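Working notes, beginning with the structure itself.
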2 protein chains.
Amino acid sequence: MDSAVARERVLDAAEELFYGRGIQSVGMDAVRGASGVSLKRLYQLFPAKEQLVEAYLERRDGRWRGRLAAFVELRPTPEERILAVFDWLEEWFGEEGFRGCAWINSYGELGATSDRVAAQVRAHKRAFADYLASLVAAAGRPAALAGPLFLLAEGAMVTAGITRSTRPAAEAREAARLLLDPR
Amino acid sequence: MDSAVARERVLDAAEELFYGRGIQSVGMDAVRGASGVSLKRLYQLFPAKEQLVEAYLERRDGRWRGRLAAFVELRPTPEERILAVFDWLEEWFGEEGFRGCAWINSYGELGATSDRVAAQVRAHKRAFADYLASLVAAAGRPAALAGPLFLLAEGAMVTAGITRSTRPAAEAREAARLLLDPR
DNA sequence: ACAGGGGGAGAACGTGCGTTCTCCGGGTGG
DNA sequence: CCACCCGGAGAACGCACGTTCTCCCCCTGT
């Protein structure tokens with residue numbers, strides 16, 4: 001098996017397991033079993049578990065933001081694009097196996113012990129906040145709107161994860177609409 | 001040493017350690033060392049670590065909501081009381097050793113593996129949401145306001161924890177003010 | 001004074017897991 | 001055909017940690 005293919009299989013398995021059950025409760029042996037890649041090769045690709053965790057978060061970051069941006073760009077106007085973020089959250093929350101925000105969960109699990117994981121979580125959240133800010137700027141709205149929209153989105157992610165419901169997305173969207181169009 | 005005193009010492013130590021470093025990375029031996037209570041007694045009081053974790057979350061829940069309510073009740077009018085929640089969050093975020101919301105963190109760490117912890121997190125968040133709803137009702141505002149305020153507060157807690165900043169509280173407060181007083 | 005027992009200190013035990021090592025088969029170049 | 005080596009399977013190792021056990025001191029009641 002090609003090295004690149006093995007790497008992808010390992011990351012696929014790691015993502016499913018880490019996201020679904022938490023990082024600390026998944027052993028490297030489970031990653032091996034789910035990926036079909038032997039421990040020897042696994043450790044050649046990722047010399048320690050922490051590096052596998054980093055690679056998992058990094059690849060998921062790219063995909064997550066890519067999916068969001070692709071969804072948002074389908075909307076024609078800048079105003080609609082801002083609200084589309086919350087529509088996408090609702091879709092995401094409704095997906096089978098949704099278990100909250102991978103970065104918030106990882107931060108709860110490892111933020112206090114692993115600086116690298118903590119830094120990656122901060123980078124991901126900063127990127128998401130910056131993306132929201134860019135949408136707000138593109139719509140010609142005051143930059144101060146971006147912060148509250150970000151907080152609504154974060155609150156919705158946490159709450160959807162804990163309550164296993166898609167409803168927070170709709171609530172957040174409605175609040176965002178009110179902030180954008182004060183009556 | 002009295003049993004009740006030992007119990008309090010154990011819970012004090014557990015709270016400091018679990019909240020500060022995460023639950024899984026704190027061994028029972030560390031709790032013993034920090035509390036000065038022998039392992040034998042510790043296991044008489046809490047027959048397993050999970051029960052200590054539950055007791056920690058439960059005691060913290062009572063104290064947390066008590067502190068919030070006490071702060072809020074200092075404000076004379078129902079409108080001010082709603083915003084006071086965010087003022088209190090800002091104070092809390094600024095405290096030495098603040099590391100985000102203990103329940104959100106615990107959920108990230110154990111939500112997928114421990115049903116009892118997950119249930120306790122849900123109960124705590126429901127209680128907080130209900131409290132916000134009661135403040136909204138007392139102010140004679142539409143009940144639909146409570147959800148967004150809750151999401152803002154949750155988003156602020158997560159973001160303050162990750163970024164180690166008190167700023168999200170002020171942002172959330174300002175957004176809450178706009179939702180309450182649309183111009 | 002002394003028998004008894006509750007509690008402290010910490011060793012011991014079992015398990016899980018991150019990481020490494022061993023062994024072996026099978027493909028490859030000469 | 002044969003030496004060689006890459007990679008797979010999984011045993012082995014070391015450590016951490018949850019939990020239990022042992023030993024002993026000290027307090028108490030008589």
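Per chain, numbering begins at 1; letters A, B, ... match sequence-line order. Everything numeric here is computed off the predicted structure, so don't read it as measured data.
Nearest nucleotide to the B:Tyr43 side chain, out of D:dT20, C:dA9, D:dA9: D:dT20. Picking from C:dG8, C:dT19, D:dT19 the nucleotide with the shortest atom distance to the side chain of B:Leu39 gives D:dT19.
With sequence neighbours left out, the salt bridge (Lys or Arg N to Asp or Glu O under 4.0 Å) criterion links B:Asp87 to B:Arg75, B:Arg173. Applying the side chain to side chain donor-acceptor pair (under 3.5 Å) rule to B:Arg164 yields no partners; only residues at least two apart in sequence or on another chain are considered.
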remark   = Per-residue pairing states of DNA chain C in dot-bracket (Watson-Crick or G-U under 3.5 Å; . unpaired, | other strand) read ||||||||||||||||||||||||||||||
Under 3.5 Å, sequence neighbours excluded: what are the donor-acceptor pairs made by side chains of residues 89-101 of chain A?
from    : atom 1 : to      : atom 2 : distance (Å)
A:Glu95 : OE2    : A:Arg67 : NH1    : 2.9
A:Glu95 : OE2    : A:Arg67 : NH2    : 3.4
A:Arg99 : NE     : A:Gly20 : O      : 2.8

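In this structure, CD1 of A:Ile23 is placed 15 Å from P of C:dC17, rounded to the nearest angstrom. Protein atom CE of B:Met28 is 18 Å distant from nucleotide atom P of D:dA16, rounded to whole Å. Rounded to whole Å, the distance from CZ on B:Arg41 to P on C:dA9 is 11 Å. A:Asp29 places its CG atom 13 Å from the P atom of C:dT19, with the value rounded to the nearest Å. Atom CZ of B:Arg21 and atom P of D:dA16 are 14 Å apart (whole Å). In this entry the distance linking CG of B:Leu110 with P of D:dG18 reads 12 Å, nearest Å. Straight-line distance from the CG atom of A:Leu17 to the P atom of C:dC17: 12 Å, rounded to whole Å. Per the geometry, CZ belonging to A:Arg32 stands 15 Å off P belonging to C:dT20, to the nearest Å.
Between A:Glu15 and A:Arg59 a salt bridge is recorded (basic side-chain N to carboxylate O distance below 4.0 Å). The pair A:Asp12-A:Arg9 fails the salt-bridge criterion, with no side-chain N (NZ, NE, NH1 or NH2) lying under 4.0 Å from an Asp/Glu carboxylate O. We find that A:Arg65 and A:Asp61 are joined by a salt bridge, their nearest charged nitrogen and carboxylate oxygen being less than 4.0 Å apart.
Note on ring orientation: taking the six-membered ring where Trp is involved, the planes of A:Trp64 and A:Phe128 are perpendicular (angle over 60°, cut-offs 30° and 60°).
The distance from atom OH of B:Tyr107 to atom NE2 of B:His124, rounded to the nearest 0.5 Å, is 14.0 Å.
Near DNA chain C, meaning a heavy atom under 4.0 Å from it, residues 44-55 of chain A has A:Ala48, A:Lys49 in order of number.
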What protein N or O atoms touch nucleotides 23-25 of chain C N or O atoms at under 3.5 angstrom, if any, and at what distances?
none

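The main-chain N or O of A:Leu180 is found under 3.5 Å from a side-chain atom of A:Arg141 such that the two form a donor-acceptor pair. Using modelled atom types, no side-chain atom of A:Glu171 and backbone atom of B:Leu151 make a donor-acceptor pair closer than 3.5 Å.
Donor-acceptor pairing under 3.5 Å is lacking for the side chains of B:Ser106 and B:Glu109.
Among the atoms of the strands shown, only primed sugar atoms or phosphate atoms (P, OP1, OP2) are found under 4.0 Å from some heavy atom of B:Val26.
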